[in-house]
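What follows is a single structure, written as structure tokens, with notes after it.
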Amino acid sequence: MTTRSETRTALDHLLTEIEHRNPAQPEFHQAAHEVLETLAPVIAARPEYAEPGLIERLVEPERQVIFRVPWQDDQGRVHVNRGFRVEFNSALGPYKGGLRFHSSVNLGVIKFLGFEQIFKNALTGLGIGGGKGGSDFDPHGRSDAEVMRFCQSFMTELYRHIGEHTDVPAGDIGVGGREIGYLFGQYRRITNRWEAGVLTGKGQGWGGSLIRPEATGYGNVLFAAAMMRERGEDLEGQTAVVSGSGNVAIYTIEKLAALGANAVTCSDSSGYVVDEKGIDLDLLKQIKEVERGRVDAYADRRGASARFVPGGRVWDVPADIALPSATQNELNEADAETLIRNGVKAVSEGANMPATPEAVHLLQKAGVAFGPGKAANAGGVAVSALEMAQNHARTSWTAARVEEELTHIMNDIHTTCHETAERYDAPGDYVTGANIAGFERVADAMLAQGVI
Ligand code: NDP
């Protein structure tokens, strides 16, 4: 029987080795630290998890694909981007995780996202493994025709690695309904198969699920509401700060309003908007989803209640709850100090790893309820799995049915994280609860399936 401190020492050695074996991948190192640093109690309590090689297998992707993506812009110039798909772990089901198109994408970013995805998908209780992919292609300012040609070139390589029983990509930053449409069309053309379950986030009418676009944002608000209930409060009348203005942010703001809370901010990489009256969702959707514009246009058109702060951070705006919904490491230690000073009660991560480790530590120390992304934003992938189920049965469910399932899943994830944290002497620590509960499910499947 190993003690917790012996286990911790062994995990520390492994983390050092991970850094050596995966040089220049700081985001992946950060994600590995965040998970492994919380696992000592469960490994010490359950000797089967100390089996040599189990954690080493868990941190090594089953497969990593990197490929060239050449495409021509509207002037006929050739561009060469890099495509990635990291198939991290399929012990629980086909690899599942989105595609990100953003100039910051590299192998380390995709590995961090794929690693997180393993535990997130396990927490949903559904049969999906973990994977992630994308490209350093930047869709900002590109015409529809350019985005289409890029997606077609990307899929011309990716198609051979995916399939409804193998690997099922979806959207992420820079990949929404338009991109999924072009990717699906090219997959269908190359394979001559109507294989609806090969991609999720498809359009209504050709295999998409109702509530999939809303699922990540709605799910995060449901998770935040569950954390508030645990403190004897609800969302009614609470002021919220939300970062980002893409898919997750928009539907976070929508669900907050439905539950009686008031979101007063949104942002993009140019800065943020604060709107004293609360964000006008119709205007934001028009600018972001229809015109593909920037958030400063919102302030220009909204009138006196709103102002645009170039380069600023939404965390400076006083609020009861904060829902980071843009990108990794967007909420740092200084931001956490500001939020705490302004009396924040809960922080729930819509984005993946938006809070730095130092920020998480500060928030938890101050007694702020903190929902980690792998639990709080799992609603998106959960409804993706429901989309796969509908595709498999060649049926489609009503919005009410999907939303009811989503609500159950988010409440179950909250309960699982909460109870697991208590079981391992970390009451109220959703990070530990999420990591251990996700780990237990994946590790049990890996042990049962042998050394592969
Ligand atoms: P979108 O592309 O729809 O929106 C992303 C938003 O974040 C945009 O407003 C974008 O602004 C902003 N943003 C992105 N990168 C940066 C940056 N480096 N600095 C400042 N702002 C930035 O993506 P999603 O809404 O789909 O994804 C947001 C987050 O949620 C990501 O972390 C993603 O991994 C996570 N997530 C998404 C899920 C989904 O279902 N879509 C599921 C689970 C998690 P700009 O346009 O200026 O770049």
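Order of listing sets the numbers, starting from 1, for every ligand and every atom in it. Here the structure is a predicted model, which means the values were calculated and not measured.
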Subject >> Protein contact to atom 11 (O) of ligand 1 [nearest heavy atom, distance to 0.1 Å] >> reply: D268 CB, 3.3 Å
**OP:** Run down the list N220, V248, T216, V175 and name the one with the heavy atom closest to atom 43 (C) of ligand 1.
**Re:** T216
Subject >> Subset of ligand 1 atoms that lie under 4.0 Å from at least one heavy atom of S267 >> reply: 9 (O)
Original post:
Applying a 4.0 Å heavy-atom criterion (strictly less than), which segment of S325 is in contact with ligand 1: side chain, backbone, both, or neither?
Top reply: backbone
Original post:
Taking the six-membered ring for Trp, are the ring centroids of F308 and Y298 within less than 6.0 Å of each other?
Top reply: no
**OP:** Could you check whether the rings of F67 and F154 sit parallel, tilted or perpendicular, using 30° and 60° as the cut-offs?
**Re:** tilted
Original post:
Does even one non-hydrogen atom of H102 get within less than 4.0 Å of ligand 1?
Top reply: yes
**OP:** Tell me yes or no: between the side chains of N391 and E195, is some donor less than 3.5 Å from an acceptor?
**Re:** no
Original post:
Mind checking whether F28 and F88 have parallel, tilted or perpendicular rings, split at 30° and 60°?
Top reply: tilted
Original post:
Does A215 reach ligand 1, in the sense of a heavy atom lying below 4.0 Å from it?
Top reply: no
Original post:
Does G174 reach ligand 1 with a nitrogen or oxygen that is under 3.5 Å from one of the ligand's nitrogen or oxygen atoms?
Top reply: yes
Original post:
If you round to the nearest 0.5 Å, how far is CD of Q152 from CD1 of I190?
Top reply: 9.0 Å
**OP:** Among all protein heavy atoms, pick out the one at the shortest distance from atom 33 (C) of ligand 1; state its residue, atom name and that distance to 0.1 Å.
**Re:** D172 OD1, 3.2 Å
**OP:** Could you tell me whether ligand 1 has any atom less than 4.0 Å away from a heavy atom of G176?
**Re:** no
Original post:
Would you call K132 and E87 a salt bridge, taking side-chain N to carboxylate O under 4.0 Å as the test?
Top reply: no
**OP:** Please write down residue, atom name and distance for the protein heavy atom closest to atom 9 (O) of ligand 1.
**Re:** S245 N, 3.0 Å
**OP:** Would you mind checking if D234 and R229 are paired as a salt bridge, meaning a charged N to carboxylate O distance below 4.0 Å?
**Re:** no
Original post:
So which heavy atom in the protein is nearest atom 4 (O) of ligand 1, and how far is it from that ligand atom?
Top reply: G246 CA, 3.3 Å
Subject >> Which residue and heavy atom of the protein sit nearest atom 17 (C) of ligand 1, plus the separation >> reply: T327 CG2, 3.5 Å
Original post:
Which protein non-hydrogen atom lies closest to atom 41 (N) of ligand 1, naming both residue and atom, and how far is it?
Top reply: N247 OD1, 3.6 Å
Original post:
For the residue pair W194 and F184, is the inter-centroid distance of their aromatic rings smaller than 6.0 Å?
Top reply: yes
Original post:
Does one side chain, of E387 or H392, offer a donor that lies under 3.5 Å from an acceptor on the other?
Top reply: no
**OP:** Ignoring hydrogens, just give me the one of S269, C266, A351, G217 whose non-hydrogen atom is nearest atom 47 (O) of ligand 1.
**Re:** S269
**OP:** Can you label the angle between the H418 ring and the H414 ring as parallel, tilted or perpendicular, going by 30° and 60°?
**Re:** parallel
Subject >> Min N/O separation R100 to ligand 1 under 3.5 Å >> reply: yes
Subject >> Minimum-distance protein heavy atom relative to atom 27 (O) of ligand 1 >> reply: I173 CG1, 3.7 Å
**OP:** Go through the steps to decide whether N377 and K120 satisfy the test side-chain hydrogen bond (donor to acceptor under 3.5 Å, both in side chains), and finish with yes or no.
**Re:** CA-CA 8 Å; N377 71 36; K120 178 189 311 192; 2.7 Å; yes
Original post:
Any nitrogen or oxygen of H140, main chain or side chain, under 3.5 Å from a nitrogen or oxygen of ligand 1?
Top reply: yes
Original post:
Considering distance alone, does some N or O of N352 sit under 3.5 Å from an N or O of ligand 1?
Top reply: yes
Original post:
Is the closest heavy atom of R212 to ligand 1 under 4.0 Å?
Top reply: yes
**OP:** Ignoring hydrogens, just give me the one of P213, P324, A326 whose non-hydrogen atom is nearest atom 31 (C) of ligand 1.
**Re:** A326
Original post:
Taking NZ, NE, NH1 and NH2 as the nitrogens, is one of them in D280 or R301 under 4.0 Å from a carboxylate oxygen of the other?
Top reply: no
Original post:
Going by the order shown, which atoms of ligand 1 are within less than 4.0 Å of some heavy atom of G350?
Top reply: 30 (O), 35 (C), 36 (N), 44 (C)
Subject >> Heteroatom distance test (N377, ligand 1): nitrogen or oxygen, under 3.5 angstrom >> reply: no
**OP:** Assess whether salt bridge (Lys or Arg N to Asp or Glu O under 4.0 Å) is satisfied between D268 and K288, documenting all intermediate values.
**Re:** CA-CA 10 Å; D268 62 20; K288 282 293 172 179; 3.0 Å; yes
Original post:
Looking only at heavy atoms, is any part of E330 under 4.0 Å from ligand 1, and if so is it the side chain, the backbone, or both, or is it neither?
Top reply: neither
Original post:
Can you tell me if R313 and S243 form a side-chain donor-acceptor pair at under 3.5 Å?
Top reply: no
